[in-house]
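In what follows, a single structure is set out as structure tokens and then discussed.
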Amino acid sequence: EVSVRPHSPQVLQFQPSIHYNTLTDESYLLTIETEYNDDKCMYVAINDPGCPWHDDIRTVRNSKLWSRMLKTGYFPIRSAQFPHSFTLALVPLFNSSECYSKGTKHSREEDLKIVRIR
């Protein structure tokens with residue numbers, strides 16, 4: 001489990017096994033499931049390891065692969081796109097309205113969001 005709050009995004013690095021990227025068209029499905037606070041919107045960003053880090057609201061959209069999520073996110077990872085490893089940034093929004101259609105009512109926001117990564 002990983003906990004995130006608007007002022008403390010998390011960046012994790014995936015260290016693949018020695019068999020990673022040994023087959024042609026090798027791909028994986030990264031799954032992120034909310035364990036607590038389905039209503040909190042966050043960005044999920046996947047990048048090559050190294051600078052620059054795209055781990056805040058201003059730069060997260062510059063990531064190689066990014067999306068917003070509420071409850072569950074599925075991210076297909078092709079090893080050819082990330083040949084050695086990749087980083088995963090979890091960046092919660094201060095205001096979750098970006099994840100909702102205009103006029104949609106959602107519950108009062110809480111800062112903490114807890115997710116499970118598989």
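What you see below is based on every heavy atom in this structure, not just the backbone, and it leaves out hydrogens, waters and symmetry mates.
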Checklist entry - Sequence neighbours excluded, which residues qualify as salt bridge (Lys or Arg N to Asp or Glu O under 4.0 Å) partners of R5? => result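 Counting only residues at least two positions away or on another chain, R5 forms no salt bridge (Lys or Arg N to Asp or Glu O under 4.0 Å).
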[atom1]-[atom2] distance between [X] and [Y], expressed to the nearest 0.5 angstrom:
{"X": "E33", "Y": "M69", "atom1": "CD", "atom2": "CE", "result": "8.5 Å"}
{"X": "L90", "Y": "S8", "atom1": "CG", "atom2": "OG", "result": "11.0 Å"}
{"X": "Y36", "Y": "S3", "atom1": "OH", "atom2": "OG", "result": "10.5 Å"}
{"X": "D111", "Y": "K40", "atom1": "CG", "atom2": "NZ", "result": "5.5 Å"}
{"X": "W66", "Y": "T59", "atom1": "CH2", "atom2": "OG1", "result": "12.0 Å"}

Measure across [X] and [Y] and return the closest heavy-atom pair with its distance rounded to 0.1 Å.
{"X": "S85", "Y": "Q13", "value": "OG-NE2, 3.2 Å"}
{"X": "V60", "Y": "A45", "value": "CG2-CB, 3.6 Å"}
{"X": "E110", "Y": "N37", "value": "O-ND2, 3.0 Å"}

When you compare the side chain of [Y] with that of [X], does any pair of heavy atoms fall below 4.5 Å?
{"X": "P49", "Y": "H84", "answer": "no"}
{"X": "V115", "Y": "M42", "answer": "yes"}
{"X": "P9", "Y": "D56", "answer": "no"}
{"X": "V44", "Y": "L30", "answer": "no"}
{"X": "L65", "Y": "I77", "answer": "yes"}

Item to check | Verify same cluster id: I114, V2 (apolar side-chain graph, 4.5 Å) | outcome: no
Checklist entry - Hey, any chance V91 and L88 share a hydrophobic cluster, counting ILVMFWY side chains that come within less than 4.5 Å of each other, even indirectly? => result no
Next on the checklist: If we check side chain to side chain contact (heavy atoms under 4.5 Å, CB included) with H54, which of these qualifies: V11, I46, N62?
Outcome noted: N62
Item to check | ring-ring contact (aromatic ring centres under 6.0 Å, His included), paired with F86, selected from F14, F75, Y28 | outcome: F14
Item to check | Partner of E35 under salt bridge (Lys or Arg N to Asp or Glu O under 4.0 Å), chosen from K113, R116, R118 | outcome: R116
Examine distances only and state if a side-chain atom of [X] and a backbone atom of [Y] form a donor-acceptor pair shorter than 3.5 Å.
{"X": "T34", "Y": "L70", "value": "yes"}
{"X": "K64", "Y": "Q81", "value": "yes"}
{"X": "Y43", "Y": "A89", "value": "no"}

Checklist entry - Distance only, no hydrogens: is a donor on one side chain within 3.5 Å (strictly under) of an acceptor on the other, for T87 and N47? => result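 No, no side-chain donor-acceptor pair sits under 3.5 Å.
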Item to check | salt bridge (charged side-chain N to carboxylate O under 4.0 Å, His left out) contacts in which one or both residues fall within residues 71-80, not counting sequence neighbours | outcome: D38-K71
Next on the checklist: According to ring-ring contact (aromatic ring centres under 6.0 Å, His included), who are the partners of F94, at least two apart in sequence or on a separate chain?
Outcome noted: H7
